[in-house]
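Working notes, structure below.
All values below were derived from every heavy atom in this structure, side-chain atoms included, with hydrogens, water molecules and symmetry-related copies excluded.
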Amino acid sequence: MSYQAMVLTVSDQGSAGLRPDTAGPAVVKLLEEHGYQVFHTAIVPDEQELIAKALVDGCDNCKVDLLVTTGGTGLSLRDVTPEATLAVLDREVPGIPEAMRYASLQITPRACLSRGVAGIRGTTLIINLPGSPKAAVENLAAVLPALGHGLDVLQGRGGNCGEVQHG
């Protein structure tokens, strides 16, 4: 099954054209290697309102299956991607960032400083990744094996979760 995805890079310098976006293309490459069709990419500054607007647009207008953000998940005062994401979610999916932090902790103790979240808006799964290309790819790779099943269930295309067996 092929899924449509969007990659949103959150970066003040990237959105101003002062630094090339390296994390977004790295995430696009990984998704495409796993059969995802990357429908759209965008770069926005670290502004909560602009991040939230881009998330809503990707979910409600582009109607992608998966929307992945990169950047803005750290401890800096400008890192507001998790807050923007939480503001637009219908439901959280806490197991995804838990799994990413667990996998990342095997590589660096700094993984515990990531504040990324994941959740659902409508029928789109949103996942926040770190801004470093290496960390973004490592975090996404940690959860990619489970995403297909989750997206199928979210889209109503599969899974028997919740069905009651009558005997």
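- Residues that satisfy the side-chain contact (heavy atoms from CB on, under 4.5 Å) test with S132, not counting sequence neighbours, are K134, A135.
- Note that the CG atom of L125 and the OH atom of Y3 stand 11.5 Å from one another [nearest 0.5 Å].
- To the nearest 0.5 angstrom, D65 atom CG is 11.0 Å from L147 atom CG.
- Contact record, T70 with P130: OG1-O, 2.6 Å, taken as the closest heavy-atom pair.
- The distance from the CG atom of L18 to the CG atom of D12 is 9.5 Å, given to the nearest 0.5 Å.
- The hydrophobic cluster analysis finds L50 isolated: no Ile, Leu, Val, Met, Phe, Trp or Tyr side chain comes under 4.5 Å of it, directly or through other members.
- Using a 4.5 Å cut-off between side-chain heavy atoms of Ile, Leu, Val, Met, Phe, Trp and Tyr, L77 forms no hydrophobic cluster with any other residue.
- Through side-chain heavy atoms spaced under 4.5 Å, either directly or across other Ile, Leu, Val, Met, Phe, Trp or Tyr residues, V44 is tied to M6, L8, V10, F39, I51, L55, V56, V64, L67, V80, L86, V88, L89, V117, I126.
- Remark: the backbone N or O of G71 is paired with a side-chain donor or acceptor of T81 at under 3.5 angstrom.
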For side-chain contact (heavy atoms from CB on, under 4.5 Å), just list the numbers for T41 and T9, CA-CA rounded to whole Å, side-chain angles, deciding distance to a tenth of an Å, and then say yes or no. CA-CA 8 Å; T41 61; T9 299; over 6 Å; no

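- For V137, the side-chain contact (heavy atoms from CB on, under 4.5 Å) partners at least two apart in sequence or on another chain are A26, L30.
- In this structure, L129 and A136 approach most closely via the heavy-atom pair CD1-O, 3.8 Å.
- With a 4.5 Å cut-off on side-chain heavy atoms, L144 and Y36 count as touching.
- Residue pairs meeting the salt bridge (Lys or Arg N to Asp or Glu O under 4.0 Å) criterion with at least one partner in residues 26-45, sequence neighbours excluded, are K29-E33.
- When all heavy atoms are compared, the tightest approach of P145 to A141 is CD-O, 3.5 Å.
- The list of side chain to side chain donor-acceptor pair (under 3.5 Å) pairs with a residue in residues 96-115, not counting sequence neighbours, reads E83-R115.
- Residues in residues 14-23 take part in no salt bridge (Lys or Arg N to Asp or Glu O under 4.0 Å) pair, two or more places apart or across chains.
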side-chain contact (heavy atoms from CB on, under 4.5 Å) between N139 and I127, worked out: CA-CA 10 Å; N139 277 254; I127 301 174; over 6 Å; no

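- Under the side-chain contact (heavy atoms from CB on, under 4.5 Å) criterion, K53 pairs with no residue at all, not counting sequence neighbours.
- Not counting sequence neighbours, the partners of S76 by the side-chain contact (heavy atoms from CB on, under 4.5 Å) test are R78, D79.
- Every salt bridge (charged side-chain N to carboxylate O under 4.0 Å, His left out) that D60 has, sequence neighbours left out, goes to R121.
- If you chain together ILVMFWY residues whose side-chain heavy atoms come under 4.5 Å of each other, I43 ends up in a group of its own.
- Residues N128 and T85 bring a donor and an acceptor atom of their side chains to less than 3.5 Å of each other.
- Contact between G35 and S2 at its shortest, heavy atoms only, is O-OG, 3.5 Å.
- Under the 3.5 Å distance criterion, the side-chain polar atoms of Q4 are left unmatched by any main-chain donor or acceptor of K63.
- Note that NE2 of H40 and CG of D57 are 7.0 Å apart. Values are rounded to the nearest 0.5 Å.
- Taking all atoms of both residues into account, the shortest heavy-atom contact from A84 to A52 is CB-N, 3.9 Å.
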